[in-house]
There are 2 protein chains.
Amino acid sequence: MEKERGQFIETWGSLGVLWGINRSMARIHAFIMLCEDPVDLETVCRRLRISRGNASMSLKELRSWGVIHRVHMSGERRDFYVAEPDNWKMIFKIAAQRKEREFDPALQALQDLLGRADLDSSSGVRARLGELERTMTTFDRLARKFLGNEQASRIVVDMLKKFKV
Amino acid sequence: MEKERGQFIETWGSLGVLWGINRSMARIHAFIMLCEDPVDLETVCRRLRISRGNASMSLKELRSWGVIHRVHMSGERRDFYVAEPDNWKMIFKIAAQRKEREFDPALQALQDLLGRADLDSSSGVRARLGELERTMTTFDRLARKFLGNEQASRIVVDMLKKFKV
DNA sequence: TTGATTGTTCAGAAAGGACTGAATGATCAT
DNA sequence: ATGATCATTCAGTCCTTTCTGAACAATCAA
């Protein structure tokens with residue numbers, strides 16, 4: 001493994017912890033990003049020195065984030081994987097996933113709480129929570145507008161123009 | 001502690017884990033959000049049943065995120081805390097902090113790596129990393145444009161209009 | 001100075017997540 | 001059907017993070 005490839009993989013792995021994904025997932029993602037050709041599970045295990053179990057789970061998870069894709073090679077029984085080639089799509093997919101996993105449950109929980117009939121509706125607490133719910137709902141609509149868009153890179157170009165970044 | 005207050009605190013606490021902040025911090029944040037008057041460390045410990053050490057650290061951390069503020073009450077030696085009252089400001093502050101803690105180090109590491117003279121510059125790896133660096137830099141500029149703005153709620157209103165959300 | 005009050009730090013205990021490797025499942029060729 | 005190949009699952013182990021509580025620091029009143 002050449003030097004820069006290894007350095008990038010370990011760096012990305014350490015950063016993955018900050019990103020809320022674990023080290024293995026981040027290292028595998030980095031490795032696949034840098035491969036010209038599709039890679040199989042066995043290769044991931046051997047090159048990154050991780051167990052088959054871990055690699056299998058991590059690949060599944062990376063796929064659910066939409067940052068890698070499974071491809072079939074003709075004449076091969078094994079599964080092969082490639083990274084999402086469009087960087088903008090990748091960033092948007094990560095953002096969309098994180099919103100879905102982190103923000104949406106919070107909004108949902110808040111709405112459930114406010115929807116209950118059994119709560120003391122005279123309380124100032126309820127007013128404060130209602131206010132928070134409204135703000136979060138608006139944020140949600142705004143986020144959907146951007147993240148739901150398939151043409152990730154085009155929308156960015158639009159924004160760059162509109163806001164003169 | 002009335003029912004809805006308690007439920008909200010525990011819900012927010014569980015969600016905090018998803019958000020990458022820990023349960024104590026999230027519970028304390030929820031508690032302070034729902035208090036009409038400034039609260040002191042002792043009250044936090046007693047009402048939420050957590051240790052002084054934990055409360056002290058968590059309050060410090062919440063303050064560094066900018067989602068609570070320290071206030072001084074006349075004639076009181078103790079420190080008191082209030083939540084950021086503007087929900088939009090709160091959301092923007094969280095987003096800005098997370099970008100700073102999670103995205104910026106990744107971009108920095110990538111730039112450091114590419115800046116090193118000792119790397120094999122003929123490699124396709126370098127080209128792929130360069131491409132990624134350009135995309136992330138653009139994203140960075142775009143994010144700064146929004147998150148750096150003090151008038152969080154106004155910018156949201158602008159966007160709602162422009163994008164007809 | 002002494003004691004009272006309040007805030008911070010940190011070593012160790014407790015809790016929570018990640019990783020391994022063996023067992024199991026699935027699919028294919030013969 | 002059998003063996004070969006590859007993927008997945010999960011119980012147990014290992015490692016990291018969080019939390020506690022006691023020690024320490026800082027500040028004030030008397």
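None of the values given here were measured: they were computed from a predicted structure. Proteins get letters first, then strands, A, B, ... in listed order; numbering begins at 1 in each.
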Report the residue (A:G53 or B:F80) whose heavy-atom-nearest nucleotide on DNA chain C is the more 5′ of the two.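 The answer here is B:F80.
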From [atom1] of [X] over to [atom2] of [N], roughly how many Å is that when rounded to an integer?
{"X": "B:H72", "N": "C:dG7", "atom1": "NE2", "atom2": "P", "value": "10 Å"}
{"X": "B:M25", "N": "D:dT17", "atom1": "CE", "atom2": "C1'", "value": "14 Å"}
{"X": "B:Y81", "N": "C:dT6", "atom1": "OH", "atom2": "C1'", "value": "10 Å"}
{"X": "B:E61", "N": "D:dT18", "atom1": "CD", "atom2": "C1'", "value": "12 Å"}
{"X": "A:D40", "N": "D:dA7", "atom1": "CG", "atom2": "P", "value": "7 Å"}
{"X": "B:R27", "N": "D:dT18", "atom1": "CZ", "atom2": "C1'", "value": "13 Å"}
{"X": "A:R23", "N": "C:dT20", "atom1": "CZ", "atom2": "C1'", "value": "17 Å"}

Tell me whether the side-chain N or O atoms of [X] pair up with the base of [N] as donor and acceptor below 3.5 Å, since no angle test is needed here.
{"X": "B:R78", "N": "C:dT6", "value": "no"}
{"X": "A:R52", "N": "C:dG21", "value": "no"}
{"X": "B:R77", "N": "C:dT6", "value": "no"}

Please determine whether a side-chain nitrogen or oxygen atom of [X] lies at a distance below 4.0 Å from atom OP1 or OP2 of [N].
{"X": "A:N22", "N": "C:dG17", "answer": "no"}
{"X": "A:S24", "N": "C:dC19", "answer": "yes"}
{"X": "A:S51", "N": "C:dG21", "answer": "no"}
{"X": "B:K60", "N": "C:dT9", "answer": "yes"}

What nucleotide among [options] has an atom nearest to a side-chain atom of [X]?
{"X": "B:R70", "options": "C:dG21, D:dT20, C:dT8", "value": "C:dT8"}
{"X": "A:N54", "options": "C:dG7, C:dT20, D:dT18", "value": "C:dT20"}
{"X": "A:V17", "options": "D:dT17, C:dT20, D:dT18", "value": "D:dT17"}
{"X": "B:I50", "options": "D:dT20, D:dA7, C:dG7", "value": "D:dT20"}

Could you check whether B:R144 pairs with B:D140 (Lys NZ or Arg NE/NH1/NH2 to Asp/Glu carboxylate O, under 4.0 Å)?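 Salt bridge present between B:R144 and B:D140.
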Between A:R78 and A:E42, does any NZ, NE, NH1 or NH2 come within less than 4.0 Å of an OD or OE carboxylate oxygen?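 Judged by the 4.0 Å cut-off on N to carboxylate O distance, A:E42 and A:R78 do not form a salt bridge.
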Main chain of B:E61, side chain of B:S64: is a donor-acceptor contact present, judged purely on distance under 3.5 Å?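 Present.
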4.5 Å side-chain heavy-atom contact, A:E4 and B:L114: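 Counting from C-beta outward, A:E4 and B:L114 never come under 4.5 Å.
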Are the side chains of B:F80 and B:D37 in touch, meaning some heavy atoms are under 4.5 Å apart?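 The answer is no, as the side chains (C-beta and beyond) never meet within the 4.5 Å cut-off.
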5'-most contact on DNA chain D: A:E76 or A:M57, nearest heavy atom basis?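 Per heavy-atom nearest nucleotide, the more 5' residue is A:E76.
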Report the relative orientation of the aromatic rings in B:W12 and B:F8; use parallel for angles under 30°, tilted for 30 to 60°, perpendicular for over 60°.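 If you compare the ring of B:W12 with that of B:F8, the planes turn out tilted.
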Describe the nucleic acid contact of A:D79 in one word from base, sugar-phosphate, nothing, applying a heavy-atom distance below 4.0 Å.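 Sugar-phosphate contact only - A:D79 comes under 4.0 Å of backbone atoms but never of a base.
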